[in-house]
Amino acid sequence: MSAQEPMTDQDPTQDRPGDAAVDPAEPVLPPEPVLPEVAASLTDALRAMYDTVVDEPLPDAFAQLLSRLDDSDA
Amino acid sequence: MLEPGPPTASGTFKRDLTGTIPHLRAFARGLCGRSDLADDLVQETLLRAWAARDRFTAGTSMRAWTFTILRNNYLTEMRRNRFRGDYDETTAERLLVTAAGQEAPLHLADLHRALLTLAPERREALLLVGAGGFSYEEAADICGCAVGTIKSRVGRARAALAAMIESGQIAAPAGGSQDASGAIMSELGLITHRHAAPENGQPD
């Protein structure tokens, strides 16, 4: 694979072929189990964090960008 | 402006793409910790998604498809050293949230900082499954890895955050008034509660 980054001629969801093969971040040790209630409360906290951004009003830059998208291509 | 005629394929695409923007912003913010860089990432993602719209399969998840593109953009920017774990605390993140085993609530900002100390693979896995509500299978598709790998990464990410909470590295806010915290907590309770119903088909 070339190191170039094609902007259009390749599926943008498929340009990381090496990702699946090796996972240096994962040692062979099994993960330490987290108590279910701890996992659930972490999930709640993470969702609250995520939702604070989802609920923000969109900056104007996004409306401007969307208005530039049309069938003649941006 | 054009008259809003019958929905065209690209009109539907644009509408669905627009609908993903708040989620893309939330995912990007979680990944990189800075709102300005996160929004740059989202804008780039929207342009790439639009340019590749012919490759989108109608009826599949627009959110999963665009998250995949955003993630790839993020990895590219990481390689260019654009993100250095900087973090800008937003007003919203001064909100408090409770965690099991902790009597005092913690700041979302502290949680986010802790999240940013995790390996990127674990951070994104936890954001997708824990915050974004994707199934393990969807997260595995987005990250281009096996389902078991995602489960392992989520488990490790949770363990690391739990350990940080337990050891006090994610500190409860000092000197906060109980009354003020209570008001914010009930507000947060609404946010959390709203999310509790639609569990996005997580397998276990």
Side-chain angles (χ1 to χ4, degrees), chain A residues 3 5-59 61-74, chain B residues 10 14 18 21-23 25-27 29-30 39 42-43 46-52 55 65 68-69 72 75-76 90 92-93 95 97-101 106 108 111-112 115 119-122 126-127 130-133 143-146 149 152-153 155-156 158-159 161-162 188 191-192 194-195:
Chain A
E5 274 186 81
M7 276 296 291
T8 51
D9 247 25
Q10 197 178 342
D11 185 338
T13 65
Q14 298 296 328
D15 61 1
R16 296 284 169 248
D19 251 21
V22 195
D23 191 357
E26 298 310 313
V28 286
L29 294 170
E32 314 77 2
V34 173
L35 291 174
E37 61 266 31
V38 174
S41 72
L42 277 175
T43 297
D44 285 349
L46 288 163
R47 285 185 175 174
M49 192 185 90
Y50 183 94
D51 280 348
T52 60
V53 184
V54 170
D55 293 341
E56 283 176 10
L58 282 188
F62 288 99
Q64 287 162 21
L65 183 145
L66 286 165
S67 71
R68 294 205 308 272
L69 303 183
D70 57 40
D71 284 328
S72 64
D73 236 335
Chain B
S10 71
K14 190 168 173 178
T18 304
I21 294 175
H23 292 274
R25 294 184 75 232
F27 182 43
R29 186 89 58 90
D39 279 355
V42 174
Q43 295 211 14
L46 295 171
L47 291 172
R48 288 191 184 215
W50 182 256
R55 301 178 209 266
W65 189 69
T68 309
I69 297 171
N72 287 339
L75 293 178
T76 302
T90 60
E93 287 196 322
L95 288 171
V97 69
T98 45
L106 53 93
L108 290 187
L111 178 67
H112 199 168
L115 191 63
E121 298 83 357
R122 296 179 187 175
L126 190 59
L127 281 170
C143 299
C145 67
T149 305
S152 162
R153 288 175 182 175
R156 288 169 196 284
R158 280 188 182 133
L161 291 182
L188 252 186
I191 295 172
T192 310
R194 195 187 56 202
H195 243 310

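We use all heavy atoms of the structure for the numbers below, so side chains are in, but hydrogens, waters and symmetry mates are not. Reminder, nothing fancy here: chain letters follow the sequence lines and each chain counts from 1.
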Query - Passing option when B:Arg158 is tested against A:Leu42, A:Leu46, A:Val38 for side-chain contact (heavy atoms from CB on, under 4.5 Å) - result: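 Going through A:Leu42, A:Leu46, A:Val38 one by one, the side-chain contact (heavy atoms from CB on, under 4.5 Å) with B:Arg158 is satisfied by A:Leu42 alone.
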
Is there side-chain contact between [X] and [Y], with heavy atoms separated by less than 4.5 Å?
X	Y	answer
A:Val54	B:His23	yes
B:Leu47	A:Leu69	yes
A:Phe62	B:Asp39	yes

So which atom in [X] and which in [Y] form the shortest heavy-atom distance, rounded to 0.1 Å?
X	Y	value
B:Phe27	A:Tyr50	N-CE1, 4.0 Å
B:Lys14	A:Leu66	NZ-O, 2.8 Å
B:Gln43	A:Ala61	NE2-CB, 3.1 Å
B:Gly30	A:Met49	CA-CE, 4.4 Å

Query - Nearest-0.5 Å distance that lies between atom CG in B:Leu108 and atom OG1 in A:Thr52 - result: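 Spacing of CG (B:Leu108) from OG1 (A:Thr52) equals 6.0 Å.
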
Query raised in the report: How long is the span from the CZ atom in A:Arg68 to the CG atom in B:Leu46, to the nearest 0.5 Å?
Result: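 Here the interatomic distance stands at 10.5 Å.
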
**Report entry** side chain to side chain contact (heavy atoms under 4.5 Å, CB included) partners of B:Pro120, counting only residues at least two apart
**Finding:**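 Per chain and number, B:Pro120 pairs via side chain to side chain contact (heavy atoms under 4.5 Å, CB included) with B:Met78, B:Arg123.
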
Report task. Under 4.5 Å, counting heavy-atom pairs only, tell me which of A:Ser67, A:Ala40, A:Ala39 racks up the most with chain B. Result ->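 Of A:Ser67, A:Ala40, A:Ala39, A:Ala39 has the most heavy-atom pairs under 4.5 Å with chain B.
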
Query - Which portion of A:Pro36 sits near chain B, non-hydrogen atoms under 4.5 angstrom - result: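 Contact with chain B involves no heavy atom of A:Pro36 at all.
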
Query raised in the report: Which atoms of A:Leu65 come close to chain B, meaning under 4.5 Å heavy atom to heavy atom: side chain ones, backbone ones, both, or neither?
Result: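 Interface part for A:Leu65: side chain.
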
Query raised in the report: Backbone N or O of B:Gly130 within a donor-acceptor pair of the A:Arg47 side chain at under 3.5 Å?
Result: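 Looks like yes, one N/O pair under 3.5 Å.
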
